[in-house]
Amino acid sequence: MARPEKEIPSEALLEVAELARALRELRHRSNLTYRELASVSHYSAAALSSAASGRVVPKLEVVEAFVRGCGYNGDMRVWRRMHSSAVASAEVASGDDAPTDSSGASPATAHSGNVSVDHGQDEDPGMPARAGGLLALVQQFVETHPRDELQRVTSPTVDRVHTALALCTTPQDVLGVMRDLVADKGLTIATLEKRSARIYQISTATFTAVLNGEDLPTTEFLHIFLTICGVEEERTLIWHHTVTRIKIATLRHRPTVLPRPAAPSTKASEPLLSLLRLVFLLLLGVVVGVGAGLLTFTATNSISNGVTVGIGVTGAVPLLLRTISLRPWER
């Protein structure tokens with residue numbers, strides 16, 4: 001009799017635990033033991049068991065072999081996105097160079113909640129879901145695969161909002177799922193404004209700016225938004241976890257802006273330059289004044305006239321040159 005499988009650690013990262021639960025569910029539906037799965041997937045039972053343990057992030061090749069070995073023949077993009085989300089979450093939690101175990105998996109444990117979200121399917125013509133959005137891709141997968149095939153996929157995959165949030169990697173992804181939630185609930189921006197009055201009044205302009213913007217919503221805004229959209233309080237944790245995860249990833253990958261070197265200051269040298277300019281003007285005035293006095297004395301043969309003209313020119317020349325040399329904004 002096979003030993004019971006160990007529980008997924010409570011401290012496992014949300015995305016890693018989600019992937020592990022998905023693999024376990026798929027194996028249970030296939031009624032295969034790990035030994036039987038190893039014989040068809042060409043990976044050891046230990047490696048396959050480790051991939052579904054929730055304690056490490058397995059290699060993508062192991063995940064694909066695990067899924068195919070369980071008889072799943074659908075679109076592998078959902079599983080690849082789940083794996084990519086788990087890898088990104090582990091990197092955020094433990095650094096880009098996280099160590100690996102013998103099967104090439106990255107250790108991944110941290111505090112996280114495990115919450116599923118189940119929303120209605122109504123559509124709002126005023127705010128349709130994006131054709132290329134995460135929520136739309138998950139919905140397309142659900143709609144294009146037979147029911148018996150979906151039964152071999154985990155319930156979190158069918159819970160498309162939860163899965164879409166787990167796949168979010170950018171603020172635009174989160175905002176897209178928020179817009180899709182509004183559409184699914186059959187709401188409009190005007191309805192959101194009206195409902196928000198019960199908690200804290202938010203205008204239609206603010207709702208429009210946030211939902212169509214590029215930045216993540218604040219914690220308070222997100223709480224009000226989810227409440228008026230009818231999301232149960234215990235099911236809002238995945239939303240807040242996703243926003244926090246992306247905020248941390250954004251901060252870690254933000255480029256460092258080096259400060260510009262300060263331009264050399266000329267203020268310290270201005271007093272010295274002013275003094276040198278003044279001395280030069282005075283010397284120039286003296287030279288011109290003496291020359292003018294000598295010319296006057298030679299022409300009039302009068303010492304007093306020469307001295308008077310020399311003194312006058314000596315005093316006038318610096319003032320005249322100073323006025324001419326002033327820059328326009330100093331006049």
Side-chain angles (χ1 to χ4, degrees), residues 7-25 52-55 57 78 81-94 108-121 129 133-135 138-139 154-185 187 192 195-196 198-200 202 207 210-211 215-252:
E7 294 291 334
I8 296 174
S10 59
E11 69 274 15
L13 293 168
L14 179 65
E15 293 80 0
V16 179
E18 200 66 57
L19 177 61
R21 270 192 295 274
L23 293 173
R24 290 184 179 197
E25 178 74 14
S53 68
R55 291 176 172 79
V57 180
V78 172
R81 291 194 188 99
M82 291 180 68
H83 176 268
S84 176
S85 182
V87 171
S89 180
E91 288 178 349
V92 169
S94 58
T109 55
H111 274 299
S112 66
N114 295 306
V115 201
S116 63
V117 183
D118 188 10
H119 296 302
Q121 304 296 323
L134 290 174
L135 197 57
V138 177
Q139 178 65 16
T154 72
S155 57
T157 301
V158 179
D159 182 358
R160 58 198 187 94
V161 175
H162 194 179
T163 303
L165 287 172
L167 297 175
C168 289
T169 58
T170 66
Q172 288 71 28
D173 290 340
V174 176
L175 294 172
V177 179
M178 290 175 67
R179 291 192 295 269
D180 293 341
L181 176 62
V182 174
D184 284 347
K185 289 293 184 178
L187 303 174
L192 294 179
R195 289 188 177 186
S196 69
R198 300 196 302 262
I199 306 173
Y200 183 85
I202 300 178
F207 276 116
V210 173
L211 294 176
D215 298 324
L216 288 168
T218 63
T219 302
E220 295 78 7
F221 181 94
L222 183 60
H223 171 72
I224 295 172
F225 172 82
L226 295 175
T227 301
I228 63 181
C229 284
V231 179
E232 297 177 8
E233 184 175 357
E234 63 271 16
R235 297 191 172 191
T236 62
L237 294 178
I238 177 62
W239 288 86
H240 290 288
H241 173 84
T242 300
V243 169
T244 301
R245 169 172 58 81
I246 294 177
K247 284 181 179 178
I248 294 174
T250 302
L251 289 175
R252 289 183 64 250

Q.
Distance check, rounded to the nearest 0.5 Å: M82 atom CE versus T163 atom OG1?
A. 6.5 Å
Q) Is there side-chain contact between R24 and I8, with heavy atoms separated by less than 4.5 Å? A) yes
Q. Where do S53 and A20 come nearest, in terms of heavy atoms and distance?
A. C-CB, 4.2 Å
**Q.** Spacing of OH belonging to Y200 relative to CZ belonging to F221, to within rounding of 0.5 Å
**A.** 12.0 Å
Q: List the atom of R55, the atom of P9, and the distance in Å for their closest heavy-atom pair.
A: CG-CG, 3.5 Å
Q | salt bridge (charged side-chain N to carboxylate O under 4.0 Å, His left out) partners of residues 236-247, not counting sequence neighbours, each pair once | A | E15-R245
Q: Could you tell me which residues satisfy ring pair (Phe, Tyr, Trp, His ring centres under 6.0 Å) with F225, sequence neighbours excluded, listed by chain and number?
A: none
Q | Closest non-hydrogen atom pair between C168 and T242, with its separation | A | CB-CG2, 3.9 Å
(Q) Return the NE2 to CG distance between H83 and L19, rounded to the nearest 0.5 Å. (A) 7.0 Å
Q) Are L181 and V231 close enough that some pair of their side-chain heavy atoms sits under 4.5 Å apart? A) yes
Q | Derivation and outcome, side chain to side chain contact (heavy atoms under 4.5 Å, CB included), residues V243 and V174 | A | CA-CA 7 Å; V243 169; V174 176; 4.1 Å; yes
Q | R195 (side chain) donor-acceptor with C229 (main chain) under 3.5 angstrom | A | no
(Q) Closer than 3.5 angstrom, by distance alone: can the side chain of R81 be matched with the main-chain N or O of L167 as a donor-acceptor pair? (A) no
Q) Quick check: are there more than 12 heavy atoms from other residues, nucleotides or ligands sitting under 6.0 Å from NE2 of H223? A) no
Q: Please name all residues satisfying side-chain hydrogen bond (donor to acceptor under 3.5 Å, both in side chains) with T170, sequence neighbours left out, ordered by chain then number.
A: D173
Q | Interatomic distance, L226 atom CG to E232 atom CD [nearest 0.5 angstrom] | A | 12.0 Å
Q | Residues L165, H241; criterion side chain to side chain contact (heavy atoms under 4.5 Å, CB included); working and verdict | A | CA-CA 9 Å; L165 287 172; H241 173 84; over 6 Å; no
Q) Looking only at heavy atoms, what is the nearest atom pair of A17 and A12, with distance? A) CB-CB, 4.1 Å
Q.
Quick check: closest heavy atoms across L175 and V210, and the distance to 0.1 Å?
A. CD2-O, 3.4 Å
Q: Write down the atom of P171, the atom of L216, and the distance for their closest heavy-atom approach.
A: CA-CD2, 3.6 Å
Q) To the nearest 0.5 Å, how far apart are CG in L14 and CD in E18? A) 6.0 Å
(Q) Quick check for you: to the nearest 0.5 Å, what is the distance between W239 atom CH2 and L222 atom CG? (A) 7.5 Å
